[in-house]
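Read the structure below first, then the notes.
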Amino acid sequence: MEQLLLLIFLPLAGAIITALAGKSAKIVSTVFSVASLVLALVIACNFIPDASTQFEVNLPWIADLGINFHAGIDGISLLVVLLTNLLVPIIILSSYNHQYKSPAAFYALILFMQTGLLLVFTALDAFLFYIGWEAALIPIYFICAIWGGKDRIRINMKFFVYTIAGSLFMLMGIIYLYLQNPAHNFNIQAFYALNLDSAQQGWVFWAFFIAFAIKMPVFPFHTWQPDTYTAAPAQGTMLLSGIMLKMGIYGVIRWLLPIVPAGVHDWGQLAIVLSIIGIVYASLIAFTQKDAKRLVAYSSIAHVGLISAGIFAFNQQGMQGAMVQMLSHGINVVGLFFVLDIIFSRVKTNKIEELGGIAKVAPQLSIAFLIIVLGTVALPGTNGFIGEFLLLMGVYNYGIWAAAIAGLTIIFGAVYMLRMYQNVMLGQTNSLTITFTDIKGTEKLVLYTICALIIVLGVYPKPVLHLTEASVQHLLEQVNQKLNTVN
Amino acid sequence: MTIEQLIWLVPLLPFLGFVINGLGRNSLSKGLVGIIGSGVILASFVISLVIFFSLQGDTQKSHEVLLFDWISAGALHIPLSFLVDPLSAIMLLIITGIGFLIHLYSTSYMHGDAGFGKFFAYLNLFVFFMLLLVLGSNYIVMFIGWEGVGLCSYLLIGFWYTNSAYASAAKKAFVMNRIGDLGFLLGVFLIFNTFGSVEFAKVFPQAASGSTDILVLITILLFIGACGKSAQLPLFTWLPDAMAGPTPVSALIHAATMVTAGIYMIARSSVLFDLAPLTQHIIAIIGAATALVAAIIALTQTDIKKVLAYSTVSQLGYMFLGLGVGAYTGSFFHVLTHAFFKALLFLGAGSVIHAMHHEQDMRHMGGLRKKLPVTFLTMMIGTIAIAGLPPFSGFFSKDEILAHAFQASPILWGIGVLTAFLTAFYMFRMMFLTFSGKYRGTHHEESHVHESPAAMTLPLIILAVLAAIGGAINLPHVFGGNEWLAHWLSGAGVAQHELELSYSTEYSLMAVSVAAAVIALLYAYTRYVKGARVPVADEAPRSALAKLSYNKFYLDEIYDFIITKPLDALSRFFYRIIDNKFIDGIVNGLGWSTNEASKGIRLLQSGNVGFYIFMMVFGIIALLLYTFFYI
Amino acid sequence: MSTQVFYFVATLSIIFSLLVIFAKNPIHSVLYLILTFFTFTVHYVLLNAQFLAVVNFIVYMGAIMVLFLFVLMLLNLNKDTEPSKSPLIKIVGVIAGGCLVVTLIGSLKSASISSPLILKNPGLGLVENLGKELFGPFLLPFELSSLLLLAAMVGAVLLSKRDEVEA
Amino acid sequence: MNIIITISITAFVVLYAGLFKAKKALLPLTVVGLLTALGFTFSAWNGNAVHFGMMQTDNFALAFSGICIVGTLLIFLLTQNYFHAKSDNIAEYYTLILFALAGMIMMVSYKNMAMLFVGLEIMAVSLYILAGIRKTDFASNEASLKYFLMGAFSTGFLLFGITLIYGATGSFDLDKIQAYLVNNQAVSPIFYPGVILMMIGLSFKVGAAPFHFWTPDVYEGAPSLITTFMSTVVKTAGFAAFLRLFADAFAPLHEFWVAPLMVIVCLTLFIGNVTALFQKNFKRMLAYSSISHAGYLLFSLIVLTKNSGNNVLVYAAAYTFASIIAFAVLILVKQKTGSDSFESFNGLAKRNPLVALCLTIAMLSLAGIPLTAGFIGKYLMFLNVMTEYKTLLVAFAILNALVGFYYYFRVIVAMWFKDGAETELSTPSQYKVVLLVSVAITLVLGIYPAIILNLI
Amino acid sequence: MENLTSQLQGVPLNHYIYLSAIIFSIGVIGVLTRRNAIVIFMSVELMLNAVNLLLTAFSVHSNDPSGQVFVFFIMALAAAEVAVGLAIIVMVYRNTKSIDINVLNRLKW
C-alpha cells in the first residue's frame, strides 16, 4: 500500500521540487520521472498476474460524502500505469533539445499531470477518479497554452471546455450512481453491484460515454484534437496523445462496461458504429493532410477508433487487443511526434511538401522513423500488429462487416503513413533539408528506446498479455454475469 | 541432429546476417558484407538440405517446432512455431538455394552501390521473413512472414529512394499488398471463428466439417490475400512497377519467391480450397484472365525488365489457373520451375543491364550475343523453358496445368494455350531484340559492353542447368515418370487430383501447346531477326490493341481515376467540409451563438434605472402570474 | 355610517396618491403626498392605532415631508421643468402598474379573510400597550435600530459634506 | 449577542478614534474588535442560544457569522493604501463597514422577521453610503443612487411580503410561522403571495435574476474595495438570511415555492453566465459571475436536505475567498495601470508570478475545478439537487458552468499567455497576507473539505 | 375615540388588503413613470405606507400589537432612508446638476 501511495505522489513531490528547482528543473524532473518508472517496474515485478486488485489503499478522505482515497492496481491498471511512467521520462528526455522559457514550470506541470494520470489509472473510488481526471487536464492545458504555437489560446480553450464539458456530465453520472448506491459511497465495487434498469443504465452510459468519447476522441467528438495536437508544444502533444487519450479508453474499460453493461448492450452498437466511422473517416482525412503533425493527429483518431470498437465488441480478443494497443499506440505516437519535433526543431516546419530527402542526410533518423511508422501501420513483428490484430479479431467476432470496414485501417494507414514517410524522408534533399543533421544524444536515446520497445513488444507481447489476461477475463465474466441477471 | 534441433537455425542465420550487416553497414568492408550476407544464406541452404534429406528418410513427414507462445487472448492461442513438412522443406530449398545464388550474384552486381551493406541487410531480412512465411505452423506466423516480405519488398523497391518515382513504386507495392492482406486477415479470423484455431494441424482435419458457404468465404478471403501478394487481377499493377528495385531483387522477390507466396499459401490450404468449388472457379477464371492480360501487355513492352515482370504476372496467372482447376501439385511444380527460369531470366537481364550501364530499354540494345555469350546462352535456355518447349522444365509444369485445365474446362485450356503462344512470342521477341541484330546504341557505348564477372555468370549457369532439367522432379506418368513431386507433396497434405485423361489426349494437348510455342518462335524470328523490326517510340501511331497493350490496358489510369482520385477528393471533402465546416462548425457554432447571446443579452443591462425597475416589475408580475395562475 | 368613513377616506387616499405620481411639479407631489399621509393618519385613527397615527403625523408629515421639501427647494426644483418620460413609457408604466394591481389582488383574492375587522382590545394601539411590546419582545431590534439611525446619520453627513481632500 | 455588541462597540470606538484623528490606530482597533468577535463566535459554538426571542445563535448563524467576520477582516486588511489616498474620513468608512457587518450578523441569526428587516436595512443603508463614498466620482455616484433607488423599491416588496405573512400567521417569529404551517392544514391564502414577495425581495438582495439589474452597475461603479465587500460577505449574509427563512420557516411549503424558485435559478444562471462572457472589464465580469454564483447557491433551496445550510456555507466560503483574491489583485492592478479591463492583466505572470498564481487559483476555484474549494461547493450543490434527480437542472447548470470556464479563463489567459507592459505590481504586505490566507483556505477546502462539511 | 372605534366595526379585512395593494401599486407606477429621483423616492414612501396600513390592519385583526411595533420600525427605516437617500441625491446633484435618473447611464452592459 505504501508503494502505491509512493507511486502516486512521487511525481507530485517531484513537481513541487521541480517548481522550486529553477535552472536545474530539467535534471530534477528527469530524476523523478525515472524514479517513478523504477518504482512502477518494482510494482510490476511484485504484481501477481491474477484478477485481484493489489497494493490496495483505502483511506478515508471526505468521509461525510462517502469519498475515500481508494486506489489499487490490477492488471489493466498496471498496464496503463506502466505506460504512463514509461512515457513521462521519455517525454521529458525528448524535451532536452528545447530551451523552453520558464523550464521549472514546464517540467513541474508535466510531473503534476503524471500524478493526475496515475490517480485516474489507479482510482477505485469514482470521486477520486474524477479528481484525477480533472487534475490531469489543468496542467496539460497550461502546457499547451503557454508553450504552444500559433493560435494556441483559442484552440486550447476549445480543447479545455470541450473535454471538461464531457467530464462534467460524467460527474453527473457519478453522482447519480452515488445516490443509487445504498451505501452512499463511491466505491467501485458498490457501483458494480448496483442493479439499475436498462433505461437508467442508458442514461448513465451516455453520461460516461461522452466524457470518454471526447477524451479519446471518438468521431464525431474529435474536432478539438487535430488543432490541439498541432498547436501544442511537442511534449504536450506527446502527453496528450501518448497518455491522456488512454484515460478515455481506460475509463470505458474500468467504469463504463462493468457498471452499465445493459447500457452498453443497448448503445454499444452505436458506439461501435461511431468508432468504425471514425476509423475510415479519420484515415481518409489523413490522406491529404499537408501538415505532418495534423496527419498523425488524424491517424491517432483512426487508431483510437479501432481500440474503441474493439472494446465495445466486448470479447477477450478485442479487450486484450485494446490493452496491447493502448501501450503500443502510446509508444508509437510519442515516437512519431518526437520525430516530427526533431524535424521541426531543425527546419522549423512540419509541412510535408516542404520536406524531403532527409533519409539521405539523416539515415539514423530515417531508420528510427521507419520503424515507428511500421509500428503504426501494424506490421507483424511490431507492437502495433499485436494490438490491431487482436482488436480486429475482436471486432470480427462482433461482425464480419464491421471488421471488414475497420480493417480498412491497415490499408489506409499504410497509404497515409507511407505517403508521409516518403515525402518527408525519401526523395531528393532540398534547400531546407540539405543541412539537416542526424539525431544525437538524448534524441538517439529516446528514439532507440522507442524502436526497441516497438520491436520487443511486437515479437514478445506475452508479458503484456499475461499481465492483463486475468483481469480482462474477470471483467468479462463479471459483466456477462451482470448482464444475465438484468435480462 | 534432428529436424527440431536444426530448423530454427534456418531462419535465424539470415536474421543474424541482417543484424550484422544492418549494424555494420557503414563499418564493414564490402567484401565482408558480401561474405556474411551470402554465407548465412548458404549455411541456411545447407541446413535446409540436411533437413530435406532427413525428412525424406523419415516416416514422420511433419514436424512442429514450438519456439514460444506469441499471442494468447481468450480462446485464441498463437504459438510462434514452425512446421516442417515436405511442402515447406522444398520451399526452404528454393528460397535458400535461389536466394544464395542471387546473393552471390549481388555481391558483384551491387558492388558499385553506396548502399551495399544496406542492400545485403535487406536481402537477408527478406530471406528471413520468407523462411518465416513458409515455416509458420499457423496462419498468423505465416502472416508475419507474409507482411515481412512485403516490407522487404517495399524497402528494396525503394532502395534508391532519392528517386521519388521509385519510392512511389515501393509504396504502391506495399499498399496493394496490404489490400490483399486485409482479405487474408479476415479469412484467418473466419477460420478461427469456424474451427477455433489457426493452426494448420488443427484446422485442416476439421475442414470437412465446415459448411460449404463458410469455406467459400474463407477461401475467397484467403485468395484475395494471394491476389495481392502474387499480383493477380485486379491487384497486379504493383509488380511491374516493382522493377524499380535493383535487378537481383526483382529476381529473388518479384519472380522466384515472394510472389509465389500466394500459391504456396493456397497449396498449403488446398484442403480448404478443395472443398470450395465456387472459389476454385473464381481462382481459375482470375488466374486465366491474369495470364492472358499480362501476356498481352508484355507483347509491346520495351523495357527488358518490364517484359519479364509482365511475364511473371502471366506465369503467376498460370499457376492460379492450375490451382483453380485442382492442379495443386502442378501449380507448385510450376512455382519451382518458374523460380528457376524466371530467376535466371531476371539475373540475365541484370547482367545485360549491368553491361549496358543501367540501360533497360531494348530499343537501345541489340547484337549483344557476341558481347555477352554466357548471358545469352543461359537466357536462351530460360526462354525456351518458359516458352514451354520440351524437354526443358517449363514444358512439364505448364503442360500439367494445361492438362488439368482441359479436364476442367476446354475454354480455360484454350486461354492457357493462347497465353502460352503469346508467352513464347514475347520472350523470343525480347531475346531477339536484345541479342541479335546490330547494336543500336552509340559506338562509344558499345566498346564498354562486356560480359559480367564470374560471380554473376556462375549463378546464371547453375540456374540454367536447373531450368533445363528441373522438369525431372515431377516427370509425369505419360513420360514414364513417377511424379515424384506429387508423392512428396502428398506427405504435406496437399490435395492430389489424378488426371483422368487418356495418354492420347495428353499427347495431343502437349502437341498443341508445343506447336503454339514453335509458331510463336518462328513468327518472332521472322519479325525481329529477319525483319529486324524495332519497337517504335511511344508517340508513333499504333493499332488500338497495341496501344492498349503498350499502355497496360490503362489499368493504372483507371485505378487512379476510380480509386485514388475519388478517395483524395473524398478526403478533402471530409476535411474541409464535414470536419471543418460541419462537425467543428457545430462545436464552434455553439460557442459563437453563446457569444452572440451574450452580446444580445447584455444589452438588457441598459444602464437606465427606469428600465431596470420596469424589468423587475415585469419579473414580479410574471413570477406572480406563473405561481398563482399557471400552477 | 360605520364603514362609509373608511371607504370615503380610502377613496381620498387613492386619489391623492394618484395625484402624487401624476403631478407635474415635484413640489405639488410633495404636497399631495402630505395629504395622502394625512388620510393614512385618519386610517390609523379609524383602526384605533392612535400611537401610530401620531407618529405618522409627526414623523412622516412633519419630518420626512419637510425634508423632501427642503431638498427640493435647496436644489431649486420647484418648477414644471422636470424632464418627463415619453408618453409611451408612461403608458407602459401605468399598464405595468395596473397589471401589478390586478395580479396582486388576484393572488390575494382567494383570501377567505373577508371577516370584518373587529377590535377586540380597544387599548391595542395605545402607547402603553405598544411600549410594553416594544420594550419587551422587540427590545433587541429596537436597540439595534439605533445602529440603523446612526449609520444613516454618519452616512448623510459623510455624503453631503464637501470633502476637502477631494475638492 | 456578544458578537453584535463587540462589532457595534468596535464601530463606535473607531468612529471616535476618527474624531481624534488617530488614523494609525483605526486598523489595529478594527482587527482587534473583529478578532474578538470571531472569538465569541467560536466560544458560542454549539451553544444554540436564543437572545430575547429575537436572535438564535445556532451553529448555522455562528458559521455564517464566522465567514462574514473573516471575510470582513480580510477586506479590512486590503484597506492598506486604499482609502488613505482618497479621503480623510477613513474612520467613517470603517464604521459603516462595521455597521454593515453588524447588520449581517443579525441577518444570519435572526429568529424574528423584525430582526431580519432591521439587520437587512442596517446593512443596506450602510452599503448605499459606502457605494457612494467617492463623492466626485461619477460612477460611484451613479452606483450609489442606483443601488439606493432599487434597494428602497425592493424593500417595499419585502415588506409587503412580511406583512402578508404576518397577516396570515399573526406573528413575525419564525418558529411560530413554521408551527403555523405545520399545524394548519389549510394555510391562509394570503400566505402564498407573501412567500413569493419575500422571495422577490430577498432575490433582489442576493442579486438573482430578474432582480439582478443593480448588481453589475453597482459593482462596477462602487469603489473596488466596497465591491469586494458587497460581492462576498454581503452576498453570503444575504444567502444565510434567505436560507434561514426558506429552508427553515417556509420549508413545509417547499412544494409551492420551489417552482418560482426554479425559474429564478435558471434565469440567474443563464443571464449571469452568458452576460459575463462578453465583458471587457474584469470587475464587471466578476459582477456577472457573482450573479451566476447566486444561481448555484440557490440550488440548495431547490432541494431541501439537512445539508442545505452547510452546502451554502461551503459554497459561500469558497466563493468569498476566491472573490477576495480576485478583487485584491484587481485593486493592485488598477492602482498600477488605472484600468480594470482584461488587458491590464496582460503578462502579469511574467512580472508577478506569485500574484498571478494566486489569481489563477482563485479563478479555478470560481470556475469549479477540482482540488479547489469552488469545486467542492459546486459539487455539493449538484449533489444536493441530484438527490431528487433533477437531472435537467443539473445539465443546464453544467452547460452554464462551461460558459463560466470561458470567462474565468480569460484572465488566466491574459496573465499567462499574453504579453503586456513590463511594470511590476507593488504588493503591500497586508495584501500578501490576504492573498496567502485566501489561497490557503481555497486549497485546503478543496483538498480536504471534511473540516467544513459538518459544521452545521 | 370610543365612538371612532365603534365605527371600525364592519369593514372587511379584504378591503384593507385591496386598498394597500392599490396604493402600493400606485407607488410602483410612480416609480415606473417618473424620472425625477425625488419623486421616485416619494413613490417608494407611498409603497411603504401602504404596507404600514396593511400591517396595522392585520395587527388589529389578530389583536396583536407586534404588527404596529413593526410599523414603527418601518417608519424608523423610512426616516433613515430618507436621510441617506436625500444625501445621495444631493451628492449626485452636485456632480451632475440634475436629479434625472436618465442621466445615470454610464454604467451599462
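Residue numbers begin at 1 in each chain, while the letters A, B, ... track the order of the sequences.
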Portion of B:Leu570 that has a non-hydrogen atom of chain A nearer than 4.5 angstrom: side chain
Whether B:Trp70 side chain and A:Pro461 backbone form a donor-acceptor pair below 3.5 Å: no
B:Phe574 and A:Tyr281 aromatic ring geometry - parallel, tilted or perpendicular at 30°/60° bounds: tilted
Interface moiety of B:Leu217 toward chain A, non-hydrogen atoms closer than 4.5 Å: side chain
Region of B:Ile71 in contact with chain A, defined by heavy-atom distances below 4.5 Å: both
Heavy-atom side-chain contact between B:Ser164 and A:Gln428 under 4.5 Å: no
Interchain contact, B:Ile140 with chain A, by part (heavy-atom threshold 4.5 Å): side chain
Min side-chain heavy-atom separation B:Leu151-A:Leu374 under 4.5 Å: yes
Contact class of B:Ile578 relative to chain A, heavy atoms under 4.5 angstrom: both
Region of B:Phe573 that comes under 4.5 Å of a non-hydrogen atom in chain A: neither
Proximity breakdown for B:Phe174 and chain A, heavy-atom pairs closer than 4.5 Å: side chain
Chain A contact via B:Asn588 - which portion, at a heavy-atom distance below 4.5 Å: side chain
Basic-acidic side-chain contact under 4.0 Å: A:Arg294, B:Asp579: no
